[in-house]
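Report on the structure given below.
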Amino acid sequence: KNEVEQSPQNLTAQEGEFITINCSYSVGISALHWLQQHPGGGIVSLFMLSSGKKKHGRLIATINIQEKHSSLHITASHPRDSAVYICAPKGSGSRLTFGEGTQLTVNP
Amino acid sequence: GAVVSQHPSRVICKSGTSVKIECRSLDFQATTMFWYRQFPKQSLMLMATSNEGSKATYEQGVEKDKFLINHASLTLSTLTVTSAHPEDSSFYICSATDDTEAFFGQGTRLTVV
């Protein structure tokens, strides 16, 4: 069993839809990153959170430390949101463990 | 937000030559830098962890003599792929942290011909 499980692996949505990506992890963590990787390969850290909920624009991330679960939500999705979204719990020594990623495609 | 600059973004080299990839933290001091490799449709694989002024810690299966890492200052780490072979062709990406957040470079697409 992988230390980090993301679902779904692939997600296709219509523009405007509400999107949820889930992440479950089995490792002990100090925080968790949600990352976005575009087709060109560059990675952007969307959130780092250790408890509760964070919101940036149309993006919302939540984490439940006791249940070892985090979710990333995108409201009013747009084609430019199409990317791979990666859950990355942070363990000791700033080391990240990566999920397999969720390929999101938002169609106009 | 903090910026990590990685160069080059793309490089094509001949088999047997060496390639150096630079990773710079532009507006913060990176206590730790990580080097990752990513194959198509796969997640990032940690190659090594480097701290300024000390030897890098390599992950199991990563040849330290093949992938030379130098972390000469708090803002610069380099990865040199020595005697490159076609199987070294991949996407290499660095990450730098100031112990609060992780910031990623743009990545380097290496093609060995």
Side-chain angles (χ1 to χ4, degrees), chain A residues 1-11 21 23-25 27 29-51 54 56-57 59 61 63 70 82-105, chain B residues 1-11 21 23 25 28-52 54 56-60 71 77 89-111:
Chain A
K1 190 178 188 302
N2 291 335
E3 292 179 315
V4 184
E5 299 268 358
Q6 270 185 249
S7 62
Q9 288 186 316
N10 293 282
L11 180 56
I21 300 170
C23 174
S24 296
Y25 54 91
V27 296
I29 69 167
S30 58
L32 182 143
H33 284 264
W34 278 101
L35 309 173
Q36 181 191 54
Q37 185 172 31
H38 278 279
I43 291 176
V44 174
S45 178
L46 300 173
F47 294 100
M48 186 182 76
L49 65 166
S50 54
S51 65
K54 283 191 176 181
H56 290 157
L59 303 177
I63 189 168
S70 178
S82 298
V84 175
Y85 292 83
I86 302 168
C87 168
K90 175 182 166 185
S92 60
S94 300
R95 183 181 175 132
L96 300 181
T97 304
F98 297 91
E100 294 292 321
T102 295
Q103 173 69 62
L104 172 65
T105 303
Chain B
V3 176
V4 173
S5 176
Q6 185 175 340
H7 290 281
S9 58
R10 288 181 179 274
V11 59
I21 303 169
C23 180
S25 56
F28 69 101
Q29 292 187 326
T31 51
T32 306
M33 287 189 174
F34 300 91
W35 287 96
Y36 299 95
R37 184 173 181 175
Q38 187 179 35
F39 292 104
K41 305 289 186 184
Q42 294 188 23
S43 191
L44 286 80
M45 181 189 79
L46 179 64
M47 298 175 68
T49 303
S50 75
N51 295 288
E52 183 262 340
S54 60
T57 302
Y58 289 81
E59 294 299 299
Q60 192 172 7
H71 194 156
S77 178
S89 298
S90 190
F91 186 70
Y92 294 87
I93 191 164
C94 70
S95 171
T97 178
D98 58 0
D99 286 338
T100 58
E101 281 217 41
F103 306 96
F104 290 82
Q106 304 94 319
T108 297
R109 178 84 51 199
L110 171 64
T111 304

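Just so we're on the same page: letters track the sequence lines, and every chain starts at 1. No hydrogens, no waters, no symmetry mates; every other heavy atom, side chains included, goes into these values. Note that the structure is a prediction, hence the values are computed from the model and not measured.
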What closest approach, in Å, do [X] and [Y] show between heavy atoms, and which atom pair accounts for it?
| X | Y | value |
| --- | --- | --- |
| B:Val11 | B:Pro8 | CB-CG, 3.9 Å |
| A:Ala88 | A:Leu96 | O-CD2, 4.0 Å |
| B:Ala96 | B:Phe28 | CB-CZ, 3.8 Å |
| A:Phe98 | B:Leu44 | CD1-O, 3.9 Å |
| B:Cys23 | B:Val4 | SG-CG1, 3.5 Å |

For this session: Pick one of side chain, backbone, both or neither for B:Ile93, based on which atoms fall under 4.5 Å of a heavy atom in chain A.
Result: side chain

Cross-interface N/O pairs, chain A with chain B, donor-acceptor, under 3.5 angstrom:
{"from": "A:Gln37", "atom 1": "OE1", "to": "B:Gln38", "atom 2": "NE2", "distance (Å)": "3.1"}
{"from": "A:Gln37", "atom 1": "NE2", "to": "B:Gln38", "atom 2": "OE1", "distance (Å)": "2.8"}
{"from": "A:Ser94", "atom 1": "OG", "to": "B:Asp99", "atom 2": "OD1", "distance (Å)": "3.4"}
{"from": "A:Arg95", "atom 1": "NH1", "to": "B:Glu59", "atom 2": "OE2", "distance (Å)": "3.1"}
{"from": "A:Arg95", "atom 1": "NH2", "to": "B:Glu59", "atom 2": "OE1", "distance (Å)": "2.7"}
{"from": "A:Gly99", "atom 1": "O", "to": "B:Ser43", "atom 2": "OG", "distance (Å)": "2.8"}

Seminar exercise, completed: If one checks every heavy atom of A:Ile43 against chain B at 4.5 Å, the contacting part turns out to be both

For this session: Give the C-alpha distance, both sets of side-chain angles, the deciding distance and a yes or no for side chain to side chain contact (heavy atoms under 4.5 Å, CB included) between A:Ile29 and A:Ile63.
Result: CA-CA 11 Å; A:Ile29 69 167; A:Ile63 189 168; 4.0 Å; yes

